[in-house]
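Working notes, structure below.
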2 protein chains.
Amino acid sequence: MYTDSSGKTLEDYPRPSVAVDTAVLTVDPERALAVLLVRRADDLGRDAWALPGTFLHEKERLADAVLRSLDQKAGLRGTEPRQLHVFDDSERDNRGWVLSVAHVVVLPWKVVAPVVEVGPDDVRLAPVVDVPALEFDHDVIVRMAVEDVRARYRHEPDPEALLEEPFTMRELRHLHAAVAGVAHIPPDTFRRRMERQLKDTGRTKERTVGRPAALYLRRRSSLRH
Amino acid sequence: MYTDSSGKTLEDYPRPSVAVDTAVLTVDPERALAVLLVRRADDLGRDAWALPGTFLHEKERLADAVLRSLDQKAGLRGTEPRQLHVFDDSERDNRGWVLSVAHVVVLPWKVVAPVVEVGPDDVRLAPVVDVPALEFDHDVIVRMAVEDVRARYRHEPDPEALLEEPFTMRELRHLHAAVAGVAHIPPDTFRRRMERQLKDTGRTKERTVGRPAALYLRRRSSLRH
DNA sequence: CAAATAGTGTCTCTTAGACAGTATTTG
DNA sequence: CAAATACTGTCTAAGAGACACTATTTG
């Protein structure tokens, strides 16, 4: 057995339980940024809402634990979790000493909709502007997740590949407004900022009211969808 | 004992060892951004270099473990660690399943100098442009730490409070050049960007060659120093 | 005075924002 | 044609970068 500089072995150190908790964000048809919540019986047996999470399995990767918890709790698959922060207050979970690695996952509405619409009663979406009180420090995780995603959408067109390609400038703009949480983004300046970062297909959207809109692709087309 | 939704208790889950590893960055008198390394006997008993780190104690906060490891391994105190990332490859440490929470700490040369100059032989600084091969994934941690600090210095004057107040624009500019890893920053545009974020003392530096320079304070003066 | 350093005026370029105009479709 | 939507031209303001100029000190 290898030892560290003090001659102790790994077994000589206390080990915390390690959990992952995930803010799953999506944009609903009303163009609101929303987060997925799961029902959870709290200390007193009352219903409460929390983010989906799970404890780490033996030698499991954190991202795999995130995907496993989303599959088990909400039947969601195939995503790319990003780490946000480790919550390490020893009192944060009254079951014991639990570190939680907070993650964010962004999914298209098309993927989330079936889960919350026809799925079980203990999964729901809440708009991020109106999240109910959550268990543990999950309110903080939601805030960090929203900030993270908004920062990523600030300068790049749809970095999470929420839109199906090809898409129009209008669709892209509405998506960015939803993520940013604003009602309106000026179309002309938005176009000029984004156009150089997109690939023009040369095609236009057919059978529309008004002048047909050009169709674009992301430069680095996502493998998703 | 509280249980989770599956009826299992905390003890039913495997628990990884959890470590912290820290990139301590400073700017040396030659104006190079440098990282603190500690000597470590590797698998074969040969000398190798690594970042200072330690295993978490019972219910200890991560930031406290970072401070404890810096005190023990290098005699450094009084800092504000920031989390960078959790490294979770189960094979990353051949002693067993170890999660490592990487941190970055930025310290003034005045604090680091005594440790590396008169301190023990198994602590040294390496310029970040020329870091030797490190144990584990510590090379990656150094890269992330440097990126983190550079991003923080991009738009704000000395956010880590490396300079003692008051300081001149020239001192601030040289510091920012060191952090960014460039030989020169154009003085006029640098001044215009930073001046509005500083508090002018109205005083000037005495007994200098050339016109005396104005002395500035950070707006939100640090509690350190 | 020369040398050295501090600081300013100003030009160009780029970009965001605002706003009005032109272009192309449906019905 | 009107209505609707897509797109462009152009003005203004702000900021970065470059460069020359002025200002204030020491010796």
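Within every chain, numbering begins at 1; the chains are lettered A, B, ... in the order of the sequence lines, protein sequences first and strands thereafter. Computed from heavy atoms alone, side chains included, the values below leave out hydrogens, waters and symmetry copies.
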Do A/Glu156 and A/Met194 have side chains that get closer than 4.5 Å, going by heavy atoms? no
Span of DNA chain C in contact with chain B (heavy atoms, under 4.0 Å): C/dA4 to C/dT10
Interatomic distance, CD1@A/Ile141 vs OG@A/Ser100, rounded to 0.5 Å, equals 5.0 Å
Atom CZ of A/Arg211 to atom C1' of D/dT5: distance rounded to whole Å? 9 Å
To the nearest 0.5 Å, how far apart are CG in A/Leu134 and CZ in A/Arg40? 11.0 Å
For the pair B/Arg150 (side chain) and B/Val179 (backbone), establish whether a donor and an acceptor sit closer than 3.5 Å, ignoring hydrogens and angles. yes
Looking at side-chain heavy atoms only, is the closest gap between A/Val18 and A/Val98 below 4.5 Å? no
Nucleic acid contacts - residues 184-204 of chain A versus DNA chain D, non-hydrogen atoms under 4.0 Å: A/Asp188, A/Arg191, A/Arg192
Sub-4.0 Å heavy-atom contacts from residues 169-183 of chain B onto DNA chain D, ordered by number: none
Quick one: are B/Glu135 and B/Leu51 in side-chain contact, heavy atoms under 4.5 Å? no
Is the ring pair B/Phe87/B/His85 parallel, tilted or perpendicular, if the boundaries are 30 and 60 degrees? perpendicular
Value for NZ (A/Lys110) from CG (A/Leu107), rounded to nearest 0.5 Å, stands at 13.0 Å
Decide yes or no for A/Lys73 and A/Val123: does some side-chain heavy atom of the first lie under 4.5 Å from some side-chain heavy atom of the second? no
Student check: side-chain heavy atoms of A/Thr201 and A/Phe167 closer than 4.5 Å: no
